[in-house]
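Since this is a predicted model, take the numbers as computed values, not measurements. Letters A, B, ... mirror the listed sequences (proteins, then strands); counts begin at 1.
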Amino acid sequence: EPEVTQTPSHQVTQMGQEVILRCVPISNHLYFYWYRQILGQKVEFLVSFYNNEISEKSEIFDDQFSVERPDGSNFTLKIRSTKLEDSAMYFCASSAGGGAGETQYFGPGTRLLVL
Amino acid sequence: GNSVTQMEGPVTLSEEAFLTINCTYTATGYPSLFWYVQYPGEGLQLLLKATKADDKGSNKGFEATYRKETTSFHLEKGSVQVSDSAVYFCALLLGDSWGKLQFGAGTQVVVTP
């Protein structure tokens, strides 16, 4: 069964450093998403991406964040200058369509720790 | 605004007990509703969904019915197993939200032998 994969599974970085989180969505999916979950809190939407453009972003997704689909298979989230409060589990997801009933398939997550 | 409220956990049950996890929502439109499950050390997996009022989603013995009149989507299973121990998330998705799934806080379920 096709699945979303994410690398690395864990990342430790120093405050102020740039990190890139990588995702390989399901191959025939066209819509891509990033979410995050700070320990003990809700899963929060960050951004949705379709046709090489951001479709929607949350207030969390400020200028320090960017997303890119550099080739036909990868989807990346970059945090330019990490802060302590960026420590969280980051989930990538993809879906075949963008309608309200579409199922989003999630990857296993990258646990980011900013020191 | 739109939001999802779930019952707080942890919920601790014995094997073969009946499980209910309450979920209610507020939404400006007519959302689709989802239950995702997160097993220890894993990502979120879709458990079931319903896209319109009175739809019932079901999977792996779990069921939930979309109740528009009570704005609820309670998850039930008649006889839980130890392998059902996980965190369960209720979520909603509006058609005009560009895929912005909105999650509840999650309910941890612990099933003991």
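- By the criterion of side-chain heavy atoms lying less than 4.5 angstrom apart, applied directly or through intervening Ile, Leu, Val, Met, Phe, Trp or Tyr residues, B:F103 is not grouped with B:V11; the two fall into different hydrophobic clusters.
- For A:K83, the NZ atom sits in a packed shell: over 12 heavy atoms of surrounding residues, nucleotides or ligands are nearer than 6.0 Å.
- Residues A:T103 and B:K49 bring a donor and an acceptor atom of their side chains to less than 3.5 Å of each other.
- In this structure a side-chain-to-backbone donor-acceptor pair under 3.5 Å is present from A:Q104 to B:G99.
- Considering only heavy-atom pairs separated by less than 4.5 Å from chain A, the leading option among B:G106, B:S32, B:A91, B:G29 is B:S32.
- Shown here are the salt bridge (Lys or Arg N to Asp or Glu O under 4.0 Å) partners of B:K56, two or more places apart in sequence or in another chain: B:E63.
- Without hydrogens or angle criteria, A:S55 side chain to B:W98 main chain gives no donor-acceptor distance under 3.5 Å.
- A continuous path of Ile, Leu, Val, Met, Phe, Trp and Tyr side chains, each step under 4.5 Å between heavy atoms, connects B:M7 with B:L48, placing both in one hydrophobic cluster.
- The number of heavy atoms from other shown groups lying within 6.0 Å of CD (B:E16) does not exceed 12.
- Taking 4.5 Å as the heavy-atom cut-off, the residues of residues 18-35 of chain A that approach chain B are A:Y33, A:Y35, ordered by number.
- Counting heavy-atom pairs closer than 4.5 Å to chain A, the top-ranked of the candidates B:T51, B:L44, B:L92 is B:L44.
- The number of heavy-atom neighbours closer than 6.0 Å to CD of B:E8, taken from other residues, nucleotides and ligands shown, is 12 or below.
- Annotation: the span from A:F106 atom CZ to B:F89 atom CZ amounts to 10.0 Å, rounded to 0.5 Å.
- Between A:K42 atom NZ and B:Q102 atom CD the span is 8.5 Å, to the nearest 0.5 Å.
- By number of non-hydrogen pairs under 4.5 angstrom with chain B, the leading residue of A:Q41, A:Q6, A:E56, A:E44 is A:E56.
- Interface residue B:L46: only side-chain heavy atoms are found under 4.5 Å from chain A.
- Each of B:P31, B:G43, B:A50 has some count of heavy-atom pairs under 4.5 Å with chain A, and the biggest count is that of B:G43.
- Other residues, nucleotides and ligands contribute more than 12 heavy atoms inside 6.0 Å of the CG atom of A:D62.
- Both B:L33 and B:L75 belong to a common hydrophobic cluster when Ile, Leu, Val, Met, Phe, Trp and Tyr are linked at side-chain heavy-atom distances under 4.5 angstrom.
- Looking at heavy atoms from C-beta onward, A:Q37 lies in side-chain contact with B:Q38 at the 4.5 angstrom threshold.
- No more than 12 heavy-atom neighbours from other residues, nucleotides or ligands sit within 6.0 angstrom of CG on A:L39.
- Looking at B:Y30, neither its backbone nor its side chain comes within 4.5 Å of chain A, counting heavy atoms on both sides.
- Taken together through direct or relayed side-chain contacts under 4.5 Å among Ile, Leu, Val, Met, Phe, Trp and Tyr, B:L47 and B:Y25 form part of one hydrophobic cluster.
- Looking at B:L101 and A:F45, their side chains never come closer than 4.5 Å, going by heavy atoms from C-beta outward.
- Considering NZ of B:K100 and OG of A:S48, their distance stands at 9.5 Å, rounded to 0.5 Å.
- Tracing side-chain contacts under 4.5 Å through hydrophobic residues (I, L, V, M, F, W, Y), one reaches B:Y36 starting from B:L93; they form part of the same cluster.
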